[in-house]
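Working notes, beginning with the structure itself.
Note that this is a predicted model, so its numbers are computed, not measured. To find a chain, count down the sequence lines: A is the first, B the second, and so on, and within it residues start at 1. Worth knowing before you read on, the calculation uses all heavy atoms, side chains too, and leaves out hydrogens, waters and symmetry mates.
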There are 2 protein chains.
Amino acid sequence: MLTSAALTPIAVHYPGRGAAAMPPATRHAARCSTCAMRHLCMPQGMSAEELPKLEAVICTARAVRRGESLYRAGTPFENLYAVRSGSLKTTMAHRDGREQVTGLRLAGESLGLDGISNDVHACSAIALEDSSVCIVPYAALKRLCRESGAMQERLHKLMGEQIVREASQMMMLGSLSADERVAAFLLDVSGRNVQRGYSSAEFNLRMTREDMGSYLGMTLETVSRTLSKFQKRGLIDTRGKFIRIVDLEGLRDL
Amino acid sequence: MLTSAALTPIAVHYPGRGAAAMPPATRHAARCSTCAMRHLCMPQGMSAEELPKLEAVICTARAVRRGESLYRAGTPFENLYAVRSGSLKTTMAHRDGREQVTGLRLAGESLGLDGISNDVHACSAIALEDSSVCIVPYAALKRLCRESGAMQERLHKLMGEQIVREASQMMMLGSLSADERVAAFLLDVSGRNVQRGYSSAEFNLRMTREDMGSYLGMTLETVSRTLSKFQKRGLIDTRGKFIRIVDLEGLRDL
DNA sequence: CGTTCCGTTGAGGTTGTTCAAGTAATGTGG
DNA sequence: CCACATTACTTGAACAACCTCAACGGAACG
């Protein structure tokens, strides 16, 4: 769990700015070993002698500006990533060019597993705000996994988690109404914020209404109308991309 | 790729009966090392000395009767499985009890990865016909993966494939019309048949219309109407659960 | 400070759902 | 092996949820 104070301000106190608002010194202090990477790289039970190897492998950082892609569908897969600050969306395209948002990654979460099956990325990853990621060369990580059972376990869990998360998303798309989907999405983001040590009630969702709609299988207009409706009912309080959940139970009950 | 002649009749020549139609002797002959397990367990590049270890770990079989569950959501995760004959669906439930079909597994495909993240299964797996699976104890497989890079690679690819498959399914649910979804589904099953050495044009889909609807995010009535429409247009030829694809290109063009 | 992108809201249309009835398959016990 | 019970599939008609098109106000950004 990411509880490092260094990252907290990014999401909570500088909601409109992202990583850019964090002073460079702080940014530098938030090295992988003390921040988001915990989640990917610091399984409990990793021995003192394994840790340095791990850090040697993983700790290269990369900045991605808002709108830029970290990787593109169809390009060779080489690295996994952990979001250090900011947030990204993953998208997938049809033959006919239609694109859909398939995922949202917040600070502390991992990225890039879609490339493992074919050595080519199946999705594109695009920054929703100026962000920074840790680069984890897959080949090196694989080697490490053969040396360390804890590391192997961690990687398996990461993949397993994504499998379950995507299955839940399929369920959501397949059997929930528009209202239910929006509510479930807000609760999901809220829950992930709690996991990462942030507020469950307030957050900045850097996706546009169109991104949300694409992710939730509906149009941007329906997203907007649904959020307005929730607001009228006193369930949430929204001002553009900033969202406060007022009645969490109310959202859960649909 | 599963090309064993022993399995072919199951899907092609005994469409109405499933594994039950195969004589017991044949069934016994179709041991893991020669059949479905290839896909899970016989990565290219596995050395002669690794192979026996592998077989020692994986080759326990289990029969699952139509309608029975191989595992249930919420039960402890211990094994992965490879479908040896027959087919299963995976389902996931909401808090409120609503169930949705989240996957279809044909002979040669793997099953159970949904349990890795939490050591508890997230889905249930239910046989669509009398089926048989190979049991692969996860703990033993993990050990093996640390000894064999090829095995590690294979497991990673399996998980990666499921991640990509589920992302595609999300796309389908999120942005395709009912017609497109049904067509995509038929093409998907057709393609998987080809991969497994069967006919791309003819197959028995043991799911009910309700299962398909649940999987595709629509009602059973819409599935039925859509299939009827495709039939009228000369795209497919259906008689209950048996489906022949007449105009593959036509389906691709929507 | 203008331009572009984003968000909101309304009116009307379409797709897919719901409810209902009837028919075909499947499985079971006699 | 047949008659029956059950489950699965098909089709129709009315309705609702969501989409499309359109117009406008506001925020973000160079």
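Rounded to whole Å, the distance from CG on B:Asp130 to P on C:dG27 is 10 Å. Look at CD on A:Glu210: it is 12 Å from C1' on C:dG7, rounded to the nearest Å. Computed from coordinates, the B:Phe230 CZ to D:dT11 P distance equals 14 Å when rounded to whole Å. Between the C1' atom of D:dA27 and the CZ atom of A:Arg66 lies a distance of 11 Å, rounded to the nearest Å. One interatomic measurement links the two molecules: CE of A:Met218 to C1' of D:dC19, which rounds to 11 Å at whole-angstrom precision. When the P atom of D:dC18 is taken as reference, atom CD of A:Glu180 falls 9 Å away, rounded to whole Å. Following rounding to the nearest Å, A:Arg206 (CZ) and C:dG7 (P) show an atom-to-atom distance of 11 Å. Atoms CZ (B:Phe242) and P (D:dA8) sit 21 Å apart, rounded to a whole Å.
Taking 4.0 angstrom as the limit, A:Arg225 places none of its side-chain polar atoms (N or O) nearer than this to OP1 or OP2 of C:dT8. For the pair B:Lys241 and D:dC9, the criterion of a side-chain N or O lying under 4.0 Å from OP1 or OP2 is met. In terms of phosphate contacts, A:Thr219 brings a side-chain nitrogen or oxygen within less than 4.0 Å of OP1 or OP2 of D:dC19. Applying the 4.0 Å criterion to OP1 and OP2 of D:dC18, one finds that A:Thr222 has every side-chain N and O outside that range. Contact between the side-chain N/O atoms of A:Ser228 and the OP1/OP2 oxygens of C:dT9 is found at a separation under 4.0 Å.
B:Asn204 contributes no side-chain N or O that, together with a main-chain N or O of B:Arg206, makes up a donor-acceptor pair within less than 3.5 Å.
The only option from A:Asn79, A:Leu80, A:Thr90 that meets the side chain to side chain contact (heavy atoms under 4.5 Å, CB included) definition with A:Leu111 turns out to be A:Thr90. For the side chain to side chain donor-acceptor pair (under 3.5 Å) with A:Thr91, the qualifying choice from A:Arg72, A:Gln100, A:Glu99 is A:Glu99, the only one to do so.
Not a single donor-acceptor contact under 3.5 angstrom links the side-chain atoms of A:Arg239 to the base of C:dG7. Residue-to-nucleotide contacts include a donor-acceptor pair under 3.5 Å from the side chain of A:Glu221 to the base of D:dC21.
In this structure the side chain of B:Leu251 reaches within 4.5 angstrom of the side chain of B:Phe230, judged on heavy atoms.
The residue A:Leu227 sits apart from the nucleic acid: no heavy atom pair falls under 4.0 Å.
Less than 6.0 angstrom separates the ring centroid of A:Phe185 from the ring centroid of A:Tyr215.
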